[in-house]
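Quick caveat: nothing in here was measured; it's all calculated off a predicted structure. Every number for a ligand or one of its atoms is a count from 1 in the order of the listing.
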Amino acid sequence: MIAENLHKVISTLREGVTLVAVSKFHSVGEMMEAYRAGQRVFGENRPQELSAKVPQMPSDVVWHFIGHLQTNKLGKVLPYVAMVESVDSLHLLEAVSAWCEGRGKVMDILLELHLGAEETKGGFSAEEIREVLGRSARYPGVRFCGLMGMATNTPDEAVVRADFRRIAELFTALRDAHPALDSFRELSIGMSGDYRIAMEEGSTIVRVGTAIFGERL
Ligand SMILES: *Cc1c(COP(=O)(O)O)cnc(C)c1O
């Protein structure tokens, strides 16, 4: 079933879009079904769950962290992941950069945009993101790879599309404003319920859990 679901999702992906299989709350056994069907990029949102799963999965898995990350949990996440998609505050950005710089590493990150409409607390405003990118050299332990965002949680497709369009327009404007930041090319928008709309609006990364693994229990 998982392999079948995965193939169905893959068949709908646009050219060049990276699929992150969001495996939070799902077992290593279920993840291995997706792995054996060819999936290599997995997303987790809790440090404890991530660090427990890493040694149980094959070493060629590429991990993305997609949840809220407290700065006292960096050691449970940063050694294992290829990308932190959910850098949602200046405090976290500074901490990730310092942690990596101290270890001679550079972490790929996305800045999480907070759209005014949603209930969640975390995330940067568009203005804060402009400011951060204007002084990106101050964060030598991170590579700014783009933006992550979520649409308003609503069945109204027009609202979802408008949210994604706003995020995509900001992304394009930032990319054009910082041509020297050539790592800045990823736009992570879209989950199970809305990733097709997100791809139409320009996403390069989609984070899909339920449509692959089923409901989280
Ligand atoms: C859980 C989660 C997803 C996946 O959601 P689905 O609706 O199951 O596809 C995507 N992004 C983030 C940040 C998540 O926490």
Side-chain angles (χ1 to χ4, degrees), residues 1-14 17-27 30-31 33-34 37 39-51 53 61-70 73 76-77 80-89 92-93 96 108-115 117-124 129 145-157 159-161 163-164 167-168 171 186-217:
M1 196 60 193
I2 288 173
E4 213 175 291
N5 291 344
L6 176 68
H7 288 136
K8 223 175 273 170
V9 170
I10 289 172
S11 74
T12 63
L13 291 184
R14 291 200 167 192
V17 172
T18 299
L19 172 64
V20 177
V22 177
S23 45
K24 63 189 188 196
F25 295 92
H26 290 285
S27 68
E30 292 171 290
M31 293 173 71
E33 286 186 48
Q39 183 65 23
R40 289 297 178 270
V41 187
F42 289 85
E44 290 285 340
N45 73 337
R46 296 184 298 178
Q48 193 71 44
E49 184 173 351
L50 169 75
S51 57
K53 283 174 169 175
V61 164
V62 176
W63 300 93
H64 283 207
F65 194 78
I66 62 167
H68 180 60
L69 180 53
Q70 289 174 292
K73 300 280 169 57
K76 278 196 170 6
V77 172
Y80 311 119
V81 299
M83 178 178 276
V84 179
E85 294 198 18
S86 47
V87 173
D88 58 4
S89 73
L92 178 60
L93 174 62
V96 170
D108 284 355
I109 64 151
L110 304 181
L111 296 172
E112 184 173 347
L113 176 70
H114 176 74
L115 276 184
E118 34 163 329
E119 314 77 43
T120 54
K121 291 157 243 129
F124 291 93
I129 289 177
C145 294
L147 299 184
M148 189 264 243
M150 275 174 247
T152 308
N153 188 8
T154 168
D156 187 340
E157 277 199 13
V159 172
V160 170
R161 187 179 295 281
D163 284 349
F164 284 152
I167 303 172
F171 170 69
E186 303 291 350
L187 179 60
S188 179
I189 51 175
M191 323 201 309
S192 291
D194 55 22
Y195 74 94
R196 289 167 187 252
I197 300 174
M199 289 190 299
E200 287 166 11
E201 298 303 326
S203 72
T204 67
I205 297 176
V206 292
R207 311 176 310 272
V208 179
T210 310
I212 297 170
F213 296 106
E215 293 295 332
R216 290 178 284 273
L217 299 172

Query raised in the report: Do the non-hydrogen side-chain atoms of Val41 and Gln39 ever get within less than 4.5 Å of each other?
Result: yes
Query raised in the report: Hey, is the main chain of Thr12 close enough, under 3.5 Å, to the side chain of Arg196 for a donor-acceptor pair?
Result: no
Query - Geometric cation-pi criterion, Arg46 with Phe25: 6.0 Å, 45° - result: yes
Query raised in the report: Do Ser86 and Glu112 meet the criterion of a side-chain donor-acceptor pair at a distance under 3.5 Å?
Result: no
**Report entry** Ser23-Glu44 side chain donor-acceptor pair, cut-off 3.5 Å
**Finding:** yes
**Report entry** Sole residue of Val84, Asp88, Ile109 in side-chain contact (heavy atoms from CB on, under 4.5 Å) with Leu93
**Finding:** Ile109
Are there any protein N or O atoms under 3.5 Å from the N or O atoms of ligand 1? List them with distances, or say none.
unit_1: ligand 1; atom_1: 8 (O); unit_2: Thr210; atom_2: N; d: 2.8
unit_1: ligand 1; atom_1: 8 (O); unit_2: Thr210; atom_2: OG1; d: 2.5
unit_1: ligand 1; atom_1: 8 (O); unit_2: Arg216; atom_2: NH1; d: 2.8
unit_1: ligand 1; atom_1: 8 (O); unit_2: Arg216; atom_2: NH2; d: 3.2
unit_1: ligand 1; atom_1: 9 (O); unit_2: Ser192; atom_2: N; d: 2.9
unit_1: ligand 1; atom_1: 9 (O); unit_2: Ser192; atom_2: OG; d: 2.5
unit_1: ligand 1; atom_1: 9 (O); unit_2: Gly209; atom_2: N; d: 2.8
unit_1: ligand 1; atom_1: 11 (N); unit_2: Arg207; atom_2: NE; d: 2.8
unit_1: ligand 1; atom_1: 15 (O); unit_2: Lys24; atom_2: NZ; d: 2.6

